[in-house]
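Handing you a structure now.
Hydrogens, waters and symmetry mates are skipped; everything else that's a heavy atom, side chains included, is used. Remember, it's a predicted structure, so these values are computed and weren't measured experimentally. A note on names: the letters A, B, ... follow the listed sequences, proteins ahead of strands, and every chain is numbered from 1.
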Number of protein chains: 2
Amino acid sequence: MIKSGDKQMGKKDNISSSVIQRLPRYYRFLSELEKEGITHVNSGELAQRMRSTASQVRQDFNCFGEFGQQGIGYSVKGLTKEIENILGLKNRYPAILIGAGNIGTAIANQLTFENKCFQLIGIFDNDENKIGSEVAGLTVQSILSLDEFCKNNHVETAVLCVPKTAAAELAHQLYKLGIKSYWNFSHYDLKLLYPDIVVENVHLSDSIMQLCFRITQSTNIDKQ
Amino acid sequence: MIKSGDKQMGKKDNISSSVIQRLPRYYRFLSELEKEGITHVNSGELAQRMRSTASQVRQDFNCFGEFGQQGIGYSVKGLTKEIENILGLKNRYPAILIGAGNIGTAIANQLTFENKCFQLIGIFDNDENKIGSEVAGLTVQSILSLDEFCKNNHVETAVLCVPKTAAAELAHQLYKLGIKSYWNFSHYDLKLLYPDIVVENVHLSDSIMQLCFRITQSTNIDKQ
DNA sequence: GATAATTTGTTATAATAATAACGAATAAAA
DNA sequence: TTTTATTCGTTATTATTATAACAAATTATC
């Protein structure tokens, strides 16, 4: 019998975040290969698409198991399934979203129409003008009914699309409701508050600053 | 005289991307310190806020120059300015955005109201229903007028909020128009097309998969 | 004014990540 | 059937990144 966490399922215990960051990319390129009708791929070809090295490709997969076959390579379908398993894409996590502004609405639509693992079951806002309106097929609820909703429904994940100023207090409330995983679009570091939570940050302003840095650097180099 | 690229401006030539990724975070925490009325900070306190080590803080800054004072620490205002300089936040880059959907609209608002370095001067879409409507104070233009617009206006950066299927062709068009830097929200790796461009990717679906992985992993660990 | 306490900048070390090398397994060719 | 060409999985090496250690500079204290 294979239990979750069983050694048979994987090889390494502590996977480095560098490897994890590459997994969705592998998944994406494998999907493309499948669409192109390619059934088998070797580490070199995959590396070329990923702008990586064959060595790294092989070692990345080796963290989890032996997915390939010597002399042949990897089955595109098989490898796709393995990565799906590793990432847990077959799981279904009920999620709520707080903040039905521009980004909140965009993310709500993304969650509802372009994603399977997270199922958006509630949207909340504190703006009277937004409450009652429809976003991604759901009616925006008052933030005041958040507690009751979370007590009546199992909520695994919260998506935070609120301003920085509201993030800390809101996180406190959600943590007390037992929510331990967050997709965080607010410009605030939740991880500092509670070390035992899982947070995936999308800091758009950090991203824009890095773009600014790289443009500035490249134009300076050109001028030299 | 200090020229750009002059050794006086910095110390290291090749800054690692790990350091660059931390810079916006430093900037953020320094802004918070300034708001709290704190004028000076030492590497240890800053490290604590950043969830880092004093050693790393000192070494990060040392890539660019000597910003602190032995026995005292760093001036919050002074350090903020230095990071602003390094990141090039004082620059003003004209930008266009393509794809006025949900995410496009959200990003357009972010660019217009919560950012200074990029100035949004044009929004384009190919959807007849969107052309002519107003987004972030600008009128959405037809994608057919993109070429003419770019020839009449200096455009430094393009923000891509289009579906994966449209990204490659669009990037080709923009590259021909001389645009070499991209804030890319489409699920496609532009860098593969043209190695000489600057791309900052925001791959939301990669982000969501990583969140899924970490939740799945943490729930499996709990069950053991 | 001398000494102790801070705290930086820098060098040395340790830890991590990426690449290269190579044996073992498989398929194709001779 | 044997040999050759592939290609993985794994180990060894190199490169990169993070941490620790310590001298030099500054301030505060005695």
key: Side-chain donor/acceptor of B:Lys77 to backbone N/O of B:Thr39, under 3.5 Å   = no
query = Would you say A:Thr53 reaches C:dT19's phosphate, i.e. side-chain N/O to OP1/OP2 under 4.0 Å?
reply = yes
ask   = Can you list every side chain to side chain donor-acceptor pair (under 3.5 Å) pair that touches residues 168-181 of chain B, not counting sequence neighbours?
value = B:Asp147-B:Gln173, B:Thr157-B:Ser181, B:His172-B:Tyr194, B:Tyr175-B:Asp196
query = Is B:Ser16 near enough to D:dT16 that one of its side-chain N or O atoms lies under 4.0 angstrom from OP1 or OP2?
reply = no
key: Of A:Ser55 and B:Tyr74, the one whose closest DNA chain C nucleotide lies more 5'   = B:Tyr74
ask   = Which whole-number value in Å describes the distance from A:Phe64 CZ to D:dC8 C1'?
value = 17 Å
ask   = Which listed nucleotide (D:dT10, C:dG23, D:dA25) is nearest to the side chain of A:Gln70?
value = C:dG23
key: Residue met sooner reading DNA chain C from 5', once B:Gly71 and A:Val19 are mapped to nucleotides   = B:Gly71
ask   = What nucleotide among C:dA25, D:dA18, C:dT8 has an atom nearest to a side-chain atom of B:Gln56?
value = D:dA18
key: Nucleotide D:dT11, atom P - distance to CD of A:Glu66 in whole Å   = 11 Å
key: Pair of N/O donor and acceptor under 3.5 Å linking D:dT7 base with A:Glu45 side chain   = no
ask   = Where the side chain of A:Asn62 is defined as all heavy atoms beyond and including C-beta, which of C:dA18, D:dG9, C:dA17 is the nearest nucleotide?
value = D:dG9
inquiry  = Over all strands shown, is A:Ser52 touching base, sugar-phosphate only, or nothing at heavy-atom distances under 4.0 angstrom?
reply    = nothing
ask   = What class does the angle between the rings of B:Phe213 and A:Phe64 fall in, given that below 30° is parallel, 30 to 60° is tilted and above 60° is perpendicular?
value = perpendicular
query = Around atom NZ of A:Lys81, are there more than 12 heavy atoms of other residues, nucleotides or ligands at under 6.0 Å?
reply = no
task = Rounded to the nearest angstrom, tell me the gap between atom CG in B:Asn42 and atom P in C:dT7.
result = 5 Å
ask   = Which whole-number value in Å describes the distance from A:Phe61 CZ to C:dA18 P?
value = 14 Å
key: Spacing of A:His40 atom NE2 relative to C:dT26 atom P, expressed in whole Å   = 14 Å
query = Can you tell me how far C1' of D:dT16 sits from CG of B:Asn14, to the nearest Å?
reply = 12 Å
query = Just how far, in rounded Å, is P of C:dT10 from CG of B:Asp60?
reply = 14 Å
ask   = Does any N or O in the side chain of A:Asn184 come within less than 3.5 Å of the main-chain N or O of A:Ser186, such that one atom is a donor and the other an acceptor?
value = yes
message = In this structure, how many angstroms lie between the P atom of C:dG9 and the CD1 atom of B:Ile72, rounded?
response = 11 Å
note = Regarding the side chain of B:Arg58, the nearest nucleotide among D:dC22, D:dT7, C:dA17 is D:dC22
